[in-house]
Amino acid sequence: MKNKHLNELEIQQYVLHKDDCDFNIIEHVNHCQKCKSEVEIYESLFAVLKNEPNSIFEFDIANLVMQQLPEKQNFLFDKYLIALLSGVSITALSILIYFTNKYFPTVFTGISAIQFSLILVTIILISIYIYIDMNKNYQNKMNFY
């Protein structure tokens, strides 16, 4: 049994969670009249709070919050811009390949297989890192909204 009186947290724990409460706290409450009266006060307080009706706002809180949210932006322009840039890039790459077609068979003959493998692995790892980072940023933004 505890020689000192229980503090507020221990009394609240006893009132709210008697089953999970420490054995020493239960023993102390059973033998200490002062702590037993504190427990009774908390029990009556929690009973009154439980019977208290829920607060009702006199205004439409949902409407007030919705007014403060930014309007959904139209991303149609961004989609067209991405499509336009992709088309221009594909066209430029196609023109470049057409005019330099005779040089392509000899492009990779100047480097060894190990160098080519290192370049390829580096490109793949950087691409994976960029994808993971972009996906994480996207998920963070989606969780914010």
Side-chain angles (χ1 to χ4, degrees), residues 1-98 100-101 104 107-145:
M1 182 174 86
K2 241 180 156 179
N3 291 335
K4 296 189 303 185
H5 291 293
L6 300 176
N7 62 28
E8 300 291 321
L9 291 175
E10 292 170 331
I11 294 172
Q12 291 176 20
Q13 181 185 9
Y14 177 81
V15 171
L16 295 174
H17 308 287
K18 287 182 185 175
D19 298 334
D20 298 332
C21 199
D22 186 34
F23 178 73
N24 294 331
I25 294 174
I26 296 171
E27 276 295 310
H28 184 83
V29 170
N30 289 337
H31 292 93
C32 177
Q33 191 60 36
K34 180 183 181 302
C35 292
K36 193 180 286 187
S37 66
E38 290 286 329
V39 165
E40 291 171 0
I41 290 171
Y42 270 106
E43 285 175 341
S44 63
L45 176 68
F46 288 142
V48 168
L49 288 176
K50 191 180 285 185
N51 293 332
E52 187 72 24
N54 291 338
S55 300
I56 299 174
F57 293 114
E58 296 177 3
F59 50 89
D60 186 11
I61 188 115
N63 189 27
L64 290 174
V65 171
M66 293 302 290
Q67 288 175 356
Q68 293 181 358
L69 291 176
E71 290 185 25
K72 197 171 192 178
Q73 296 176 348
N74 188 2
F75 293 108
L76 193 59
F77 176 73
D78 291 343
K79 290 180 183 177
Y80 285 128
L81 182 64
I82 291 171
L84 178 68
L85 290 176
S86 298
V88 168
S89 300
I90 290 171
T91 304
L93 188 62
S94 300
I95 291 171
L96 181 69
I97 289 173
Y98 177 76
T100 60
N101 192 19
F104 267 107
V107 168
F108 297 111
T109 57
I111 60 174
S112 67
I114 189 77
Q115 290 172 332
F116 181 73
S117 300
L118 288 173
I119 291 170
L120 188 64
V121 166
T122 304
I123 290 171
I124 290 172
L125 289 176
I126 290 173
S127 299
I128 290 172
Y129 174 77
I130 289 172
Y131 172 76
I132 290 172
D133 187 50
M134 286 174 50
N135 195 20
K136 186 188 301 183
N137 287 337
Y138 173 75
Q139 292 299 329
N140 287 341
K141 288 180 182 179
M142 291 306 292
N143 288 338
F144 179 72
Y145 294 115

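Under the side-chain contact (heavy atoms from CB on, under 4.5 Å) criterion, I126 pairs with T122, I130, not counting sequence neighbours. Partners of Y138 under the side-chain contact (heavy atoms from CB on, under 4.5 Å) rule, at least two apart in sequence or in another chain, are N135, M142. Applying the side-chain contact (heavy atoms from CB on, under 4.5 Å) criterion to N63, with sequence neighbours excluded, gives D60, Q67. Taking I132 as the reference, I128 meet the side-chain contact (heavy atoms from CB on, under 4.5 Å) condition, with sequence neighbours excluded. Partners of E8 under the side chain to side chain donor-acceptor pair (under 3.5 Å) rule, at least two apart in sequence or in another chain, are Y42. Taking K18 as the reference, E43 meet the salt bridge (Lys or Arg N to Asp or Glu O under 4.0 Å) condition, with sequence neighbours excluded.
Minimum heavy-atom separation, D20 to Q13: O-NE2, 4.0 Å. Here the shortest heavy-atom pairing between I11 and E38 reads CD1-CB, 3.6 Å. Listed here is the closest heavy atom pair of I26 and C21: CD1-O, 4.0 Å.
For the atom pair CD1 of I25 and CG of L9, the computed distance is 10.0 Å after rounding to the nearest 0.5 Å.
Counting heavy atoms from C-beta on, the side chains of H5 and H28 come closer than 4.5 Å. With contacts defined as side-chain heavy-atom distances shorter than 4.5 Å, the pair I82/L85 does not qualify.
With hydrogens and angles ignored, the 3.5 Å screen pairs a side-chain donor or acceptor of Q115 with a backbone N or O of S112. No donor-acceptor distance shorter than 3.5 angstrom exists from the side chain of Q68 to the backbone of V65, with no hydrogens or angles considered.
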Requested in this report: Carefully, step by step, assess V48 and L45 under the rule side-chain contact (heavy atoms from CB on, under 4.5 Å).
Outcome: CA-CA 5 Å; V48 168; L45 176 68; 5.6 Å; no

